[in-house]
Amino acid sequence: MSNRKVVYLSSVLLFLIVVSIYLFYKYNPLIVEMDIKTDGMEMIQNAEANLLVNYDPNLIDDEMREEAKTPYEVVLFMISSVISENPVLFSTTFEAEQLTKDLGKLQDIENFEGDEFQLVGILLNKISRNGKLTSVNHIHTDENFFTGSADVKIELVYSDENPVTITLNLTQLEIGETKQSFYAINTSALDIAEAVNSN
């Protein structure tokens, strides 16, 4: 065979191997438990410590963004804030417009008169099933660099042995004059709570 044919066949073979590996992991993901007890709680403690020293409501989102930069980290931060029952940090992981809509709906559903963080506390309680959330398994992350979005599929494991699998959609947003980008969850927090409690 000529050198051209060998190079061509080698290239095709390499391409097929890469595509096969990609498809294998896309459709047969490695399920890994998210490390909430150490990594997640360390993220929460760092954010809380920074807020205690430099409390400024305008800096709350910045503290979360320092701790959680990738879609996986944002989801880990969100779940850790649920387990630590921190409505302030939980709120920072969601797209503001979506969370505002969710809180308005929740206020109507619960017929609740209270502040925003009390409503978020109700969401936390629903997502944790009254504190029964014990661990979370990461199933798959699918990032789309062209659209600046990502889907993170996770399994929430509860002490009542009734796990729930959900997919969270995240979008990349830009802020400030520097156009710093960060990921925020734009899946409805109320939809997450309803999915958790529908089982």
Side-chain angles (χ1 to χ4, degrees), residues 31-45 47-48 51 57 60-61 63-65 67-68 70-141 149-171 173 182-199:
I31 298 175
V32 178
E33 184 175 347
M34 296 178 92
D35 189 2
I36 294 167
K37 291 183 178 133
T38 52
D39 291 345
M41 287 305 157
E42 183 179 326
M43 293 167 78
I44 295 294
Q45 289 168 354
E48 286 174 342
L51 287 175
I60 292 173
D61 288 348
E63 297 303 332
M64 186 279 295
R65 288 185 204 111
E67 296 298 326
T70 67
Y72 176 89
E73 290 172 340
V74 172
V75 172
L76 177 62
F77 192 89
M78 184 271 288
I79 293 298
S80 300
S81 68
V82 168
I83 290 175
S84 66
E85 299 176 357
N86 190 319
V88 174
L89 295 179
F90 175 83
S91 299
T92 64
T93 60
F94 285 86
E95 194 175 27
E97 187 178 325
Q98 180 61 53
L99 187 60
T100 301
K101 288 178 190 174
D102 288 341
L103 294 179
K105 288 178 188 175
L106 184 61
Q107 192 168 19
D108 292 342
I109 292 168
E110 297 286 327
N111 197 19
F112 182 79
E113 299 281 332
D115 74 13
E116 174 184 333
F117 292 119
Q118 289 174 319
L119 276 169
V120 175
I122 292 171
L123 273 176
L124 292 177
N125 203 29
K126 288 178 179 287
I127 293 171
S128 73
R129 278 196 202 145
N130 300 319
K132 292 179 183 153
L133 181 61
T134 58
S135 64
V136 179
N137 295 321
H138 174 255
I139 298 173
H140 181 69
T141 297
S149 65
D151 290 321
V152 180
K153 188 173 185 178
I154 59 174
E155 177 186 48
L156 303 168
V157 180
Y158 295 88
S159 59
D160 62 10
E161 298 181 9
N162 195 3
V164 176
T165 301
I166 58 172
T167 300
L168 302 172
N169 182 267
L170 291 85
T171 189
L173 305 173
F182 66 96
Y183 280 97
I185 299 169
N186 64 1
T187 299
S188 163
L190 195 53
D191 288 352
I192 295 169
E194 288 172 358
V196 161
N197 290 287
S198 67
N199 286 352

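Predicted, not measured: the structure shown is a model, and the values here were computed from it.
In this structure the side chain of L156 reaches within 4.5 angstrom of the side chain of I166, judged on heavy atoms. No side-chain heavy atom of Y183 sits under 4.5 Å from any side-chain heavy atom of T70. Side-chain contact between F94 and M78 is present, with heavy atoms from C-beta onward closer than 4.5 Å. When side chains are defined from C-beta on, L173 counts as touching F182, because their heavy atoms get closer than 4.5 Å. Within the 4.5 Å cutoff, the side chain of T167 has no heavy atoms near those of the H140 side chain. No side-chain heavy atom of I83 sits under 4.5 Å from any side-chain heavy atom of S128. Put simply, the side chain of L123 reaches to within 4.5 Å of the side chain of L103, judged on heavy atoms. Looking only at side-chain heavy atoms (C-beta outward), V152 and L170 come within less than 4.5 Å of each other.
Between the side chain of N197 and the main chain of A193, a donor-acceptor pair closer than 3.5 Å is present.
When the side chain to side chain contact (heavy atoms under 4.5 Å, CB included) test is applied to D115, the partners found at least two apart in sequence or on another chain are F117, Q118. Judged as a side chain to side chain contact (heavy atoms under 4.5 Å, CB included), and not counting sequence neighbours, the contacts of D191 are S188, E194. In this structure, the side chain to side chain contact (heavy atoms under 4.5 Å, CB included) partners of T187, at least two apart in sequence or on a different chain, are L168, N169, I185, I192. Residues satisfying the side-chain hydrogen bond (donor to acceptor under 3.5 Å, both in side chains) test with K126, not counting sequence neighbours, are E110. Considering only residues two or more places apart in sequence or on other chains, D108 meets the side-chain hydrogen bond (donor to acceptor under 3.5 Å, both in side chains) condition with none of them. Shown here are the side chain to side chain contact (heavy atoms under 4.5 Å, CB included) partners of Q107, two or more places apart in sequence or in another chain: L119. For T141, the side-chain hydrogen bond (donor to acceptor under 3.5 Å, both in side chains) partners two or more places apart in sequence, or in a different chain, are H138. With sequence neighbours excluded, the residues that form a side-chain hydrogen bond (donor to acceptor under 3.5 Å, both in side chains) with S149 are T147.
Annotation for L133 and V136: closest pair CD1-CG2, 4.3 Å, computed over non-hydrogen atoms. The two residues R129 and N162 make their nearest non-hydrogen contact at NH1-O, 3.0 Å. Of all heavy-atom pairs spanning A189 and F90, the tightest one is CB-CZ, 4.3 Å. Scanning all heavy atoms of the two residues, the minimum distance from P87 to S91 falls at O-OG, 2.8 Å.
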Next on the checklist: Quick one, V164 with E155, criterion side chain to side chain contact (heavy atoms under 4.5 Å, CB included). Give me CA distance, side-chain angles, the key distance, then yes/no.
Outcome noted: CA-CA 6 Å; V164 176; E155 177 186 48; over 6 Å; no

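Considering OG1 of T134 and CG of D160, their distance stands at 9.0 Å, rounded to 0.5 Å. How far CG of L190 is from CD1 of I127: 9.0 Å, rounded to the nearest 0.5 Å. In this structure, S81 OG and L124 CG are separated by 6.0 Å, a value rounded to the nearest 0.5 Å. K153 NZ to N137 CG: the interatomic distance, rounded to the nearest 0.5 Å, is 12.5 Å.
Residue pairs meeting the salt bridge (Lys or Arg N to Asp or Glu O under 4.0 Å) criterion with at least one partner in residues 86-97, sequence neighbours excluded, are E97-K101.
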